Amino acid sequence: MRIGVFVCHCGSNIEGTVDTGIVAKTALDFPEVVFATDTMYACSEPGQDGIIQAIKDKNLTGVVVASCTPRMHEPTFRRAVERAGLNRFMFEMANIREHVSWIGKDREANTNKSVDLVRIAVEKLRRDAPLIPSKFSVNKRVMIIGGGVAGIQAALDCADGGLEVVLVERDSSIGGKMAKLDKTFPTVDCSSCILGPKMVDVAQHPNITLHAYSEVDAISGYVGNFQVQVKKKATYVDWELCTGCGACMEKCPSKKNPDVFNEKIGPCTSINIPFPQAIPKKAYIDATTCRQFVKGKCGVCAKVCPTGAIRYDMTDEIVTEDVGAIVAATGYDLFDISKIAEYGGGRYPDVITGLQYERLLSASGPTGGHIKRPSDGKEPKNIVFIQCVGSRDKSLDRPYCSGFCCMYTAKQTILTKDHIPDSQSYVFYMDIRAPGKMYDEFTRRAMEEYGARYIRGRVAMVYPKGDKLMVRGADTLAGTQVEIEADLVVLAAGAEAAKGAPQLAEKLRISYDKYGFFMESHPKLKPVETNTAGVYLAGSCQGPKDIPQSVGQGSAAAAKVLALFSKDMLESDPQISRVDIKRCVGCGKCIMTCPFKAIKEVEFRGQKKAEVIETVCQGCGICTSTCPQGAIQLSHFTDNQILAEVNALCQS
Amino acid sequence: MPVLTGKELRIVGFLCNWCSYGGADTAGVGRFNQPTDLRIIRVPCSGRIDPLFIAKTLIGGADGVLVSGCHPRDCHYAEGNFYARRRLEVLKRFLPILGIDPGRFDYTWVSASEGQRWQKVVTVFTEQIHALGPAPRFDAVAPELLAKIAGAIGQGGNRVAA
Amino acid sequence: MSEAIAYYPGCSGLGTSKEYDTSTRAVCAALGLSLVDIPDWSCCGSTPAHTKDHTLSAALSARNLQLVANMGMTAAATPCPSCLTNLRTANHRIEAAPFKAKVDKLLDEPYGGDVNAISVLQALVENVGLDTIKAAVRTPLKGLKVACYYGCIMNRPPELMAFDDCENPMAMDNILAALGAEVVPFPLKVECCGASYGIPRPDVTAKLSGKLLEAAVGVGADMVAVACPLCQMNLDLRQSQVNRAMGTNYRIPVPYFTQLMGVAMNIADTEIGFGKLNVDPRPVLSRALSGAD
Amino acid sequence: MNIINLTRDYDEDFVHRVEEESGQKVSLCYQCGNCTAGCPYTFVYDIPVSQIMRLVQAGQKKTVLSSKSIWLCATCESCTTRCPNNIDVACIMDVLRHMARREGLAAVPQVKTFWDSFLDSVRAHGRVFELGLLINYVAKTGRFWTDMDLGPKILPKGKLAMKPHEIQGKEHVARIFERFERESNS
Amino acid sequence: MSRLEELKTRIREALPGLECVIGWQQGYDALHNTPLFMRSDADVDKLTWGVLNVHNPAVYLPTMAGKKVGVVVKGCDSRSVVELLQEKLIDRDNVVIFAAGCDGVVDLTKVKAKLAAAGVSAGNAEKVATDGKTVSVTAGGQTVAMPLAEVCADKCLRCQFPNAVLADVFVGDPAPQPTPNPTGNADLDALDAMSVDDRMAFWRYHMDRCIRCYACRNACPMCVCRDHCIAQSREPHWLSQEDSVTEKLMFQVVHAMHLAGRCTECGECQRACPMDIPVLALKKHLNRTIHDLFNYQAGVDVAAIPPLLQFKLEEDNIKERGW
């Protein structure tokens, strides 16, 4: 091998504390190094040209660049050596900036350390082999999991882009949390008026297949070629026949069930269409409350249904969908307010969540849009809003900010004043987080124009006194304890990962944080990608988000899918594990430990052997450190390469 | 020349690319000063780190080995650090029976955003290795010590330990 | 089924809360929970000790815990929440070896650290059980409306006390319900009564106890059941001070929950000791039990 | 109102000592005010507890240790129980009292006197002698009217012992106090 | 019928359906047994059972994978079979396990030391007799009686499984559960008692003596890499062929780490060592660690997942260091 070493000054970033000249000169003593130089900015156009020129002039077969972190410019330099005709994997970097020049000022020690880092890069490069990606075809269908506003947006954008879309929704209607909202901030426009048309578009779009009341059961395959098993839960209503007329709901004798769509502050029937704008507008039966199922007799709905759509014997059904990409848009759930016993949520009926309050405000809600408190139906006059209930609270293991509560609370104070002009809203807050466009102005308007009284401090306890709720809090700006006699207390319950999110993440083989939110590939530069190729994220499943952010992410994820599908064939990353079939004894330990199910057992001349599925392997190398005989080696990070680095450091 | 005599000790780090290597980068970007002894070998995942690499490094003459990966549950590859945690803990407990001070090896979790934590880890670990001093070497056991052990073993047959 | 547990009555049990002590002993005996006196126990130091120094406070508790260990027992029950807090805090703090060393330095005999301390309330709920209590009821307290007041430190902080819900404790409510009483939801179950400020700052105690009495009357309680000698003294003995300071005219009995258990279980009046309370519960009790209202 | 010069008046050692003696990290406090909101004694405090926490963060030793609040805290644990950052605020209040004692500060002297009288009683008898404690307190403070109104209510009940309950091991208890004094003076 | 006769009968019955049955026979003298591969009734006649059956016949099973074979096992040997089954290196349908209760086997090093102490040459032992408590060796016309407890293998002193944990054919009464004898752990106890520096000197001393013959590896029933052991390969190239203490020690570390969570402490590595190097101590130490960390013991449950091939999100016994 003929190796060239390029030591970058990075202006004075490196040269300031590393003698790059000495590093280059010393590198010439390393085995197979035939050329070494220092260079001002290796990543600049002249810098890259210099590398390309040297490859040609000196017949270099491998290149080491000592400069910044490979996490920054490895792709840049790989493209450069490729332009010079080398395989892009015949290249290594020594990180002498972030790991050397920027963390200490001792020039002698830094120079010395840089020499070592170049040495191990050279030793690794000497054992590099050209790697060539393989190509495979793509199934240009996409599955969106979750029919909230983020999923709806992703589905519509993909469908408009010409893709076949499969949308899977857990509930009987799409719409998600947004469908439950009355108005939206900071424009105070009607939530269902702006969401409704999008929902109808989903229903009518020729490219979209909607599986409502369905859940993802199992996922196999890899980018371009996933197989997803979708469980269509039994609705006990034949949706081909159901017209959504609602006759069954009128006659259903089981009327007192907690209405999940109304956040359990109103009743609903056992056979139900959750709300008038539901998509699909189809009825389903809740078998846990339906008399036909609980008592074994009733059958009223079957009698009244004009189309004869009721099917008490329906069972869950599994359908398999083949798709090339998946967008997870599973949203969030709310913190359980009863966990903060001092606020009395769950104990006192007039302590409710912000989302329950939305249902009280909504014209389609259980009170027809009149604010009536749950205990006695009276119109509340003094309403206390408490922020950060299950947010920014380490003691509850919820240290994060839920992001949107400040804004919706401001909105709710405004709506409260609109509904009940002689009402008074109080908001206990710690900080007001309103960094969006027109957001801060909106919160100011709540205070200045609508007279909401903001009190900076937390609430310690809420307790009933007569038919009032005593709210005892602090006004930290005044440095005092305060008490309010409230008629209704609205808690801004924090956002939590959706129930079942970790289980879905396991199926998708994507990471999730300790709270159950899905992990993006890079917090800044890859916000909707995951570390599993072909799986994308949109909306609050990644972390709490408001509507504009969720919609933006839905579109972003759709753009990623469209970009992925713009090619007919995909290239797989060749930095994957490979099995030396002679050495493999077929013990299957690699298969057991692979997190991606990327290794399968095959028969080779009557013997069991392991085989890597190229397109599934993500290149972690767990298999390589598991295999006792070293029969499976991760390309570009082989045992021999790491051993060479170890030996170089030990023997130097 | 690479290890500065009297100034530095030979400390080798194995860092996963996605979290800890990034954390070390973040520490650099933040100009968080660190001792210069550590040499970092980049691997894709802490799950890639065969504990034998660490044994090889320590037997080969390094004074300390530091492994760092993503925090549990944050692994880029979902599970690599969970396997690593078990294997590295087993190795750490194995070292003393070989005659290697277990303080010469540590493993930890540092995320890509935890530059300050990385600075602390490097500083504390380097101090710890300096406190232990240069590692004794198998190929340079003091003759007196060897004679003492050989004498003790010789008396009771080779298999009897002492 | 007879269970034995070491018994730490606390100093007030010999004086201002004698009736708590006698009723506790009688009720436990009747329920088969054998309370074994700790020979020569000493004061835990209560609040004054921990406000002076944590090592001193822990040493005063540790002496008693070691006495329990010397009895060959591993658990002690105390009726007094203040004693309980000190005993449990001592156990918690000596888990740190340097702190334990400092405590041992103060003691004649070092404390091994393996005696658990629980409240009599907890012992009744967990070691005896509601079913046994229910079965022992002879005179159900039917018609009696009781507000259960636990005091501030019976369940707080929850990590230390490790019993019941710290914001809405139910142990005493459940016992009184088992006795047949009507337990009214009392919102200020864990609010502080003014503690030991009755002597140095009677104004403070009057105000805080006043709030509690107001709330109890507000929810229609016939009486307030308590589990703490200091709470009892503040709400009962100092009721007149409250009335004077707040301009009120409360006259509501504040018995210990063990006294009410005694009534339901037909324990002798001498053991119940209603006569030792300031506001005698007996008139209210007989009115409620007779169904007249 | 005094202007605090945060560069010059920040007593780093004080912050450090509070953290060390309480085992709590005061920088965890983000000033939500929940402790003040729940504190039953806020109405008699000169400085609400959340501001005590703030002043500790700001290294304002003198203001904190000469406050009345630290002597009026009854350790009801409401603050500790509800702190969203799991800070043992009540323990910090305890530690501040310890420090104030060492500095010879007691902004509510009768509270300190009462507690001291209590401990004197324990030290003398091994257990608290309630009547003796009251008499001792009255003698020290001259507040002879203390609870005079309650005498007629309680004395006939036969609850208040006229003599202390001396325990056999009272010298053990006394030795705890003696050793404690020796240790804290060494 | 004695155990041995019953074993022979049952093996003869099964032999027609089997490629062979692996057991033991007398070797070049009365003291040394060797493995026996029974293919005919005449072979079966040679089978022995008793204190001299020191070998672990399970070591041969992976090489016969794919063929239907029988194997005669002691309790300890059976754990190796279980481990091989667990790792799917042999097929349950292809192995028939014959077993009987075991009273322990000798450690020939200890026997030879006893003979030497009695002034008897160990060469060409003429007769070995045992009654389960005493072993009497006749050599050079002299008979030396020695208590079995004093000459048995260390593993027998700490034996938990005198009877096979898995058997298709078990003959005779199960052997009684022995009481663990702490001297069976003397090797590890002694190492534990040493300083870290002394341990380094200890291994240095022994590695100086190691002749790198790989007998330890070849005797190990779990060393299934065989020709592909990373000690001798170029790809990957873990060890050089240099005869240095560090390379030799590194090999022992490789062997031990590759056995972590798999080693059943059959002791074959140490028994096979011509230099009497106490290499088993390393594996015992690892087993203790594995047990402490994961409450796991290899070779008792075919369905178990080895601890290093699985994990828990929150480990029970791994406390990470706070930085």
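So that the names make sense, note that chain A is the first sequence line, chain B the second, and so on, each numbered from 1. The model shown is predicted, which means the values in this text are computed figures rather than measured ones. Keep in mind that the numbers below use all heavy atoms, side chains included, and drop hydrogens, waters and symmetry copies.
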*Rounded to the nearest 0.5 Å, what separation is found between the CD1 atom of B:Ile41 and the CD1 atom of A:Ile120?*
5.0 Å
_Atom group of A:Arg509 that falls short of 4.5 Å from chain B, counting heavy atoms_ = side chain
*Count the heavy-atom pairs under 4.5 Å between each of A:Leu634, A:Asp639, A:Val100 and chain B, then report the option with the highest count.*
A:Asp639
*Out of curiosity, B:Cys75 SG to A:Ile622 CD1, how far, rounded to the nearest 0.5 Å?*
6.0 Å
*Interchain contact, A:Ser101 with chain B, by part (heavy-atom threshold 4.5 Å)*: neither
*Kindly check if the number of other-residue, nucleotide or ligand heavy atoms within 6.0 Å of NZ (A:Lys25) is above 12?*
no
*Taking heavy atoms only and a threshold strictly under 4.5 Å, list by residue number the residues of residues 49-56 of chain B that touch chain A; give 'none' if the list is empty.*
B:Ile49, B:Asp50, B:Phe53, B:Lys56
*Sort out for me which of A:Gln618, A:Met72, A:His99 touches chain B most, counting heavy-atom pairs under 4.5 Å.*
A:His99
*Identify the residues of residues 80-99 of chain B whose heavy atoms come closer than 4.5 Å to a heavy atom of chain A, ordered by number, or report 'none'.*
B:Gly80, B:Tyr83, B:Arg87
*How far apart are the C-alpha atoms of B:Thr57 and A:Leu649, what are their side-chain angles, what is the distance that settles it, and do they pass the side chain to side chain contact (heavy atoms under 4.5 Å, CB included) test?*
CA-CA 9 Å; B:Thr57 312; A:Leu649 289 175; over 6 Å; no
*Can you tell me how far CZ of B:Arg48 sits from CZ of A:Phe637, rounded to the nearest 0.5 angstrom?*
9.0 Å
*Please look at A:Ser114 and chain B and tell me whether the side chain, the backbone, both or neither of the residue comes under 4.5 angstrom of a heavy atom of that chain.*
neither
*Does A:Glu108 pair with B:Lys7 as a salt bridge, N-O distance under 4.0 Å?*
yes
*asked:* Quick one, A:Ile103 and B:Gln119 - any side-chain contact, counting heavy atoms below 4.5 Å?
replied: no
*Heavy-atom side-chain proximity of A:Trp102 to B:Phe32 below 4.5 angstrom*: no
*Do any of residues 18-27 of chain B have a heavy atom less than 4.5 Å from a heavy atom of chain A, and if so, which, in residue order?*
B:Trp18, B:Tyr21, B:Gly22, B:Ala24, B:Asp25, B:Ala27
_At a heavy-atom distance under 4.5 Å, which candidate from A:Ala121, A:Pro70, A:Cys68 has the highest pair count against chain B?_
A:Pro70
*asked:* Restricting to non-hydrogen atoms, name the atom on A:Cys620 and the atom on B:Pro44 that form the minimum distance, rounded to 0.1 Å.
replied: O-CG, 3.7 Å
*Residues in residues 125-144 of chain B that sit under 4.5 Å from chain A, counting heavy atoms only*: none
*Heavy-atom pairs under 4.5 Å with chain A, option from B:Val43, B:Val12, B:Ile40 with the top count*: B:Ile40
*Can you check whether A:Cys650's main-chain N or O pairs, donor with acceptor, with B:Arg10's side chain at less than 3.5 Å?*
yes
*Would you mind checking which part of B:Cys16 comes under 4.5 Å of any heavy atom in chain A, side chain (CB onward), backbone (N, CA, C, O), both or neither?*
neither
_Contact class of A:Leu643 relative to chain B, heavy atoms under 4.5 angstrom_ = both
*Highest number of heavy-atom pairs under 4.5 Å with chain A: which of B:Pro35, B:Ala78, B:Gly60, B:Pro72?*
B:Gly60
*What closest approach, in Å, do B:Glu79 and A:Thr593 show between heavy atoms, and which atom pair accounts for it?*
OE1-O, 4.3 Å
*Write down the atom of A:Asp513, the atom of B:Asp74, and the distance for their closest heavy-atom approach.*
CA-OD1, 4.3 Å
*Is it true that a side-chain atom of B:Thr36 and a backbone atom of A:Asn110 form a donor plus acceptor pair closer than 3.5 Å?*
no
*Hey, could you give me the CZ/CZ distance between B:Arg42 and A:Arg71, rounded to the nearest 0.5 Å?*
8.5 Å
*Measuring heavy-atom distances to chain A, does B:Asp37 have an atom under 4.5 Å in its side chain, in its backbone, in both, or in neither?*
neither
*Can you name the nearest heavy-atom pair linking B:Leu38 to A:Lys113, along with the distance?*
O-CE, 2.8 Å
